[in-house]
Amino acid sequence: MEKLIKKITEWIFICQEKFYEKKYKKHLANVKYSVSNSTTKTHTQAGIKLTLNSKTEQNKKILNKEVKEIVSKNLQTPSALLDYIEENGTKVYRIPYAKKLLTLVGEQEGFITPVKGINAFVLNLVLEKKFALKTAPMFILSTGQINIYNMAHQFHKWYGYRMGLPGFDDEAQEKFKKIFDYEIDANAELLSYEEILSLKEAIHRDVEAIDFVINLAKESEGAKKAFKNIKNTDKGTNI
């Protein structure tokens, strides 16, 4: 169901992008600008859009290959993935009150990209006992049993973040999270053309992580039963 929701949301933003192209057609006739990150560049001049993302596509293939190799080795020992994450510089917090804390700051269990503002203040105070208005990327998990497929989903996103794939910048992630809190529905028309492009990338990254886990589950023996719990946070399933 969540995959379907994300696919529908992605389609909505494709339509929204077309709307902006039409809306700004005359304005863009005499204006040129570019939106870029380390692997994707979008240039617009005289109303014509050119997206160069061959490097992004190449990195996505590398991402799936490397993550599959790592996760496949640890299907029976998902905690080893947490060790790998910490060894590569991202802190992992396993706390019994994880769900309550994350509900308070509007996050979900698993990989959390940098957070700003009051929510960052709360996380830093509780987890690090320090005062700061921005967090580092981190994992926050409950202390229960780890579901390997949920973990693989979060691990895929974390790996993509470290590779610098588009869609993981602070602004895109902030808006992406708000989609599912229905906070930007009413104000979607206020998003700029550039913001829509970056938000589309954030949606792509999450859908790709889900697709990765679906394929992994299909290939793994006995996966169907375990896969029913993926991201089933409403029923209290742990990562």
Side-chain angles (χ1 to χ4, degrees), residues 2 37-39 55-99 101-102 105 107-115 120 123-124 126-128 134-170 173 176-177 201-202 204-223 225-227 229-233 237-239:
E2 184 163 339
N37 54 63
S38 60
T39 59
K55 183 62 175 177
T56 295
E57 293 303 314
Q58 180 183 354
N59 283 348
K60 282 162 55 178
K61 292 179 181 179
I62 295 172
L63 166 66
N64 282 332
K65 179 178 181 294
E66 294 183 356
V67 170
K68 184 176 180 181
E69 289 178 357
I70 297 169
V71 172
S72 296
K73 293 177 183 177
N74 296 285
L75 289 176
Q76 305 303 319
T77 55
S79 60
L81 295 177
L82 298 180
D83 294 336
Y84 182 94
I85 289 165
E86 289 199 296
E87 288 169 2
N88 283 275
T90 300
K91 285 193 175 183
V92 176
Y93 301 93
R94 300 201 67 187
I95 50 180
Y97 51 89
K99 292 187 187 302
L101 174 62
L102 292 171
V105 298
E107 299 286 345
Q108 293 186 349
E109 281 194 66
F111 176 53
I112 299 174
T113 54
V115 179
L123 288 173
N124 280 319
V126 173
L127 301 174
E128 292 288 326
K134 183 174 181 178
T135 67
M138 66 180 74
F139 268 76
I140 300 180
L141 310 170
S142 296
T143 53
Q145 185 177 0
I146 299 174
N147 180 299
I148 184 58
Y149 297 99
N150 289 336
M151 186 65 219
H153 175 256
Q154 298 298 314
F155 187 84
H156 188 281
K157 291 169 66 176
W158 170 78
Y159 211 94
Y161 173 84
R162 292 185 67 249
M163 288 182 67
L165 287 178
F168 285 113
D169 57 280
D170 294 351
Q173 284 295 307
F176 174 67
K177 292 170 186 176
E201 293 289 1
H204 279 311
R205 301 296 82 82
D206 203 56
V207 171
E208 288 159 5
I210 292 174
D211 288 342
F212 170 81
V213 179
I214 290 174
N215 292 329
L216 179 69
K218 287 178 179 178
E219 295 175 7
S220 302
E221 185 177 357
K225 182 177 179 181
F227 187 61
N229 292 323
I230 184 170
K231 291 181 73 64
N232 192 9
T233 55
T237 302
N238 281 340
I239 292 279

Query - Between CG on residue Asn88 and OH on residue Tyr159, distance to nearest 0.5 Å - result: 7.5 Å

Query raised in the report: Taking all atoms of both residues into account, what is the closest heavy-atom pair of Pro78 and Ile146, and its distance?
Result: CB-CG2, 3.7 Å

Query raised in the report: Roughly how far apart are His153 NE2 and Asp206 CG, rounded to 0.5 Å?
Result: 4.5 Å

Query raised in the report: So which heavy atom on Ser72 is nearest to which on Leu216, and how close?
Result: OG-CD1, 4.2 Å

Report task. Evaluate whether atom NZ of Lys60 has more than 12 neighbouring non-hydrogen atoms of other residues, nucleotides or ligands under 6.0 angstrom away. Result -> yes

Report summary line: When every non-hydrogen atom of Lys134 is compared with those of Pro114, the smallest separation belongs to CE-CB, 3.8 Å

Query raised in the report: In terms of ring plane angle, is the pair Phe212 and His156 parallel, tilted or perpendicular, where the classes change at 30° and 60°?
Result: tilted

**Report entry** Worked verdict on Lys61 versus Glu57 for salt bridge (charged side-chain N to carboxylate O under 4.0 Å, His left out)
**Finding:** CA-CA 7 Å; Lys61 292 179 181 179; Glu57 293 303 314; over 6 Å; no

Query raised in the report: Can you name the nearest heavy-atom pair linking Phe139 to Met151, along with the distance?
Result: CE2-CE, 3.6 Å

**Report entry** Nearest atoms (heavy-atom pairs only) where Met138 meets Thr90
**Finding:** CA-CG2, 3.7 Å

**Report entry** Spatial distance of atom CD1 (Ile112) from atom NZ (Lys157) [nearest 0.5 Å]
**Finding:** 10.0 Å

Query - Chi angles and distances behind the side-chain contact (heavy atoms from CB on, under 4.5 Å) call for Val67, Ile70 - result: CA-CA 5 Å; Val67 170; Ile70 297 169; 5.8 Å; no

Requested in this report: For residues Leu123 and Val115, report the shortest heavy-atom separation together with the two atoms involved.
Outcome: CD1-CG2, 4.3 Å

Report summary line: So OH of Tyr149 and CG of Leu75: to nearest 0.5 Å the spacing works out to 5.5 Å

Query - Check: Leu102 main-chain N/O paired with Glu107 side-chain donor or acceptor under 3.5 Å - result: no

Query - Aromatic plane relationship, Tyr161 with Phe168 - under 30° parallel, 30 to 60° tilted, over 60° perpendicular - result: perpendicular

Query - Reported CD1-to-CE distance for the pair Ile62 and Met163, which is rounded to 0.5 angstrom - result: 5.0 Å

**Report entry** Worked check of side-chain contact (heavy atoms from CB on, under 4.5 Å) between Thr135 and Leu127
**Finding:** CA-CA 10 Å; Thr135 67; Leu127 301 174; over 6 Å; no

Report task. Would you mind reporting whether Phe111 and Ile85 have side-chain heavy atoms less than 4.5 Å apart? Result -> no

Requested in this report: State the CG-NZ distance between Leu165 and Lys55, to the nearest 0.5 angstrom.
Outcome: 10.5 Å

Report task. Please report the C-alpha distance between Lys177 and Thr113 in whole Å, then the side-chain angles of each, then the deciding distance to 0.1 Å, and finally whether the side-chain contact (heavy atoms from CB on, under 4.5 Å) criterion is met. Result -> CA-CA 11 Å; Lys177 292 170 186 176; Thr113 54; 3.3 Å; yes

**Report entry** Donor-acceptor side-chain pairing of Thr77 and Asn74 below 3.5 angstrom
**Finding:** yes

Query - Minimum side-chain heavy-atom gap Val126-Ile95 below 4.5 Å - result: no

Query - Candidate pair Gln154 and Asn150, rule side-chain contact (heavy atoms from CB on, under 4.5 Å), full reasoning - result: CA-CA 7 Å; Gln154 298 298 314; Asn150 289 336; 5.8 Å; no

**Report entry** Atom CD of Glu69: over 12 foreign heavy atoms under 6.0 Å
**Finding:** yes

Query raised in the report: Is it true that a side-chain atom of Glu109 and a backbone atom of Ser142 form a donor plus acceptor pair closer than 3.5 Å?
Result: yes

